[in-house]
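Some notes on the structure that comes next.
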Amino acid sequence: MNTIVLTVVLPLLAAFVVPVLSRVSPLLGRLLGPLTLAYAILLTLQVWLGMEGKPFSIALGGFQPPLGINFYVDRLSLLFTFLTLVTSLLLWPWRNETEPRQYALTLLLAASACGLVLSGDLFNIYVFYELISVASFGLAAATRSGAAFAASLRYLILSGLGSVLVLCGIAIVYLQTGTLNLAQLSQLAPETLNTPLGMSAFALILLGVGVKGELFPVNSWVPEVYAAASSRVSGLLAGLVSKLAVLVIVRLLVLLFQQESALQLMLILGLLGAISGELAAWRAKDMNRMLAFSSIGQLGVIFIAFSIPGKTGLFAGLALSLHHLLVKPALFLLAERWRGSLVGLRGAGLASPVAGGLFVLLALSLVGMPPLPGFWAKFLLFTGLAAQQSVIYQVALGVVLLSIVIEANYLFRVVMNLFQPAGDNSVAVTTDHGWLNLGTTFLLSALLIAGMLLMGPLGAWLEGVAMQAADPVLYFDTVFSVSAIH
Amino acid sequence: MMPIEVGTVLYAGAIGLVVVGIAGIVLSHHLFRIILALVIAEAGANLLLVLSGFRWEAIAPIITGGDAVQTMVDPVPQAMVLTSIVIGVGVQALALSLTLRAYGAYKTLDIRELQRRMSADLAGEAGTPLPQSLEEPVGGRPLPAAEGDGR
């Protein structure tokens, strides 16, 4: 069971070995990263089969919590460890022969993301979050163009502001409770953090972590970075890193901040993000910017879903997150050869029908066409929102519907453009997507179809994951019976 | 007049540093000032963190036979502050090196100018018209254009 720690340790070790190894033997340097990730995936699957659905906790270095730092392993954190490793492997920067540094940064991102997901200590989570930030600054600047440097610099400044806010929030939590162990906090929180001061701590942490989660007021970095970075990096940031930030906030909501006002704050910010993101995407003139803004909109919808109280919200939010994690990187990969103005794409779908067909499939699922998984995720969101009594949730329902209409409008506009015969004045588009990008997109789309066919069992399983994650008592009991399992 | 406690001053100072830093990040246009403002804000957050475990009556935990745990300050926030200072320094160094690179590419340290040129670059690469500046009014100006105003 303790082998789960290796999913953090091995990629971290490999990240520092890769630059040195690449000097000695370029081939080994290229192979080390993917092999490490593949082995970590195997380890995760092994733990998954071994735990039989029961959560457990590992006291690192033998120091028992609340004094030591522990890793909390339940189905949710294992699921996200698995997804982190698989996504980093799928979006591995293969084409980059000259840059072992980019391998190192991707490995660093994977290791710290696993740590973030598994950690059971608030400050430890902050440290891993900063590690993810540093890795993503490097990846965003990796194209080495002037625009990429400027965009990552602005991203860094906003992110630095975010970490200051998180630190202040952590200081308030520590001041009020005297501990940062999540399990112990979950027991103390109802008395100590259910105050205006506790609420301000949540608001600070929400805004700080929200920088990565593309939350409404702190997301101005998104369009610039996604337009300047390579498609694989954009896919990684939009698909994976944003979900990790959301996951941190969800854990804190379940364990620490159970008051209603915390949920409502997140709901309002999510609403603003959803509507502003979709409107900006509707106005966007080029592919990468459109995808970036639509990603802000969808993250807004995910925040709305997680702000529904109880396990309904968790279930709907998880379904939406998984769907977005699958679809967005695939769209960014397709956009690699289609970057540039949307008008210039006229006829591109006719020139490469496979890519065009995949784009249509992904767009339909993103909008929520009935048999596709995107529909079921949104269906869960709607039933969850409709079951709430409060007016603000009814408003949210209307806003989400509106955002879907806008989304359908701009996505179908692109599809129309792709399949119109090219006029004389249109720019010649590159039709060759490269087997690597097309293959990866194909794999992700196949997963989407598989998800559609297995929707029944998949839904039941995901509901189980949500049920387990929504239980703070289970969290506490698991962590403090650690010696028994150890 | 009521005496002001040292603790109050320190808390006010910490929050004040954060506020000053954030104001600097938002209001400055020079990149180097923005990074310095970030440093100030981080210092404020670190001070807040170290204050969260401080006790005024505490003494150094030298084992003299008495109960050292009762008389010392909480060591956990101090360990955390060390970590966060180190992280902060790393991020600041990264920010400076990115600033150098951005300066090398665009020859300016004004963040508005930098953003304008970056947007122009990205729009040129994508082949789309320049995004409308939010500060410029849409449509024609009511005043006659001054000499050399055509940007």
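Order of the sequence lines fixes the chain letters, A, B, ..., with proteins taken first and strands second; residue numbering starts at 1 for each chain.
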Applying the side chain to side chain contact (heavy atoms under 4.5 Å, CB included) test to A:Ser159, which of A:Ser133, A:Ser152, A:Ser136 qualifies?
-> A:Ser133
Minimum heavy-atom distance between A:Asn288 and A:Phe332, given as atom pair plus value = O-CE2, 4.4 Å
Heavy-atom pair with the smallest gap, counting every atom of A:Ser112 and A:Leu131 = CB-CB, 3.6 Å
Based on non-hydrogen pairs under 4.5 Å, which of [options] is most in contact with chain A?
| options | answer |
| --- | --- |
| B:Val50, B:Asp121, B:Leu48 | B:Leu48 |
| B:Gly88, B:Ser84, B:Gly21 | B:Ser84 |
| B:Leu114, B:Asp74, B:Ile34 | B:Asp74 |
| B:Ala14, B:Gly53, B:Pro77, B:Gly90 | B:Pro77 |
| B:Ala37, B:Ala102, B:Ala105, B:Gly104 | B:Ala102 |
| B:Ile15, B:Ile111, B:Leu94 | B:Leu94 |

Please walk me through it: do A:Gln184 and A:Thr179 pass side-chain hydrogen bond (donor to acceptor under 3.5 Å, both in side chains)?
-> CA-CA 7 Å; A:Gln184 206 183 4; A:Thr179 177; 3.0 Å; yes
Among [options], who wins on heavy-atom pairs under 4.5 Å with chain B?
| options | result |
| --- | --- |
| A:Lys285, A:Arg144, A:Arg154 | A:Arg154 |
| A:Pro223, A:Ser145, A:Ala284, A:Cys168 | A:Cys168 |
| A:Ala151, A:Ala147, A:Gly138, A:Ala148 | A:Ala147 |

Which region of [X], side chain (C-beta onward) or backbone (N, CA, C, O), has a non-hydrogen atom less than 4.5 Å from a non-hydrogen atom of chain A, or is it both or neither?
| X | value |
| --- | --- |
| B:Leu31 | side chain |
| B:Val18 | side chain |
| B:Tyr11 | side chain |
| B:Ile87 | side chain |
| B:Ile25 | side chain |
| B:Leu122 | side chain |

Please classify the contact between [X] and chain B as side chain, backbone, both or neither, with a heavy-atom cut-off of under 4.5 Å.
| X | result |
| --- | --- |
| A:Glu224 | both |
| A:Leu165 | side chain |
| A:Leu180 | side chain |
| A:Ala141 | side chain |

Treating [X] as the side-chain partner and [Y] as the backbone partner, does any N or O pair qualify as donor plus acceptor under 3.5 Å?
| X | Y | value |
| --- | --- | --- |
| B:Ser28 | B:His30 | no |
| A:Asp121 | A:Asn124 | yes |
| A:Ser230 | A:Ala142 | no |
| A:Ser200 | A:Leu197 | yes |

How about B:Leu27: does its CG atom have over 12 heavy atoms from other parts shown lying under 6.0 Å from it?
-> yes
Is it true that atom CZ of B:Phe32 has more than 12 heavy atoms of other residues, nucleotides or ligands lying nearer than 6.0 Å?
-> no
Ring center gap for A:Tyr126 and A:Phe123 short of 6.0 angstrom | yes
Which residue, A:Tyr226, A:Phe149, A:Phe137, forms the ring-ring contact (aromatic ring centres under 6.0 Å, His included) with A:Tyr155?
-> A:Phe137
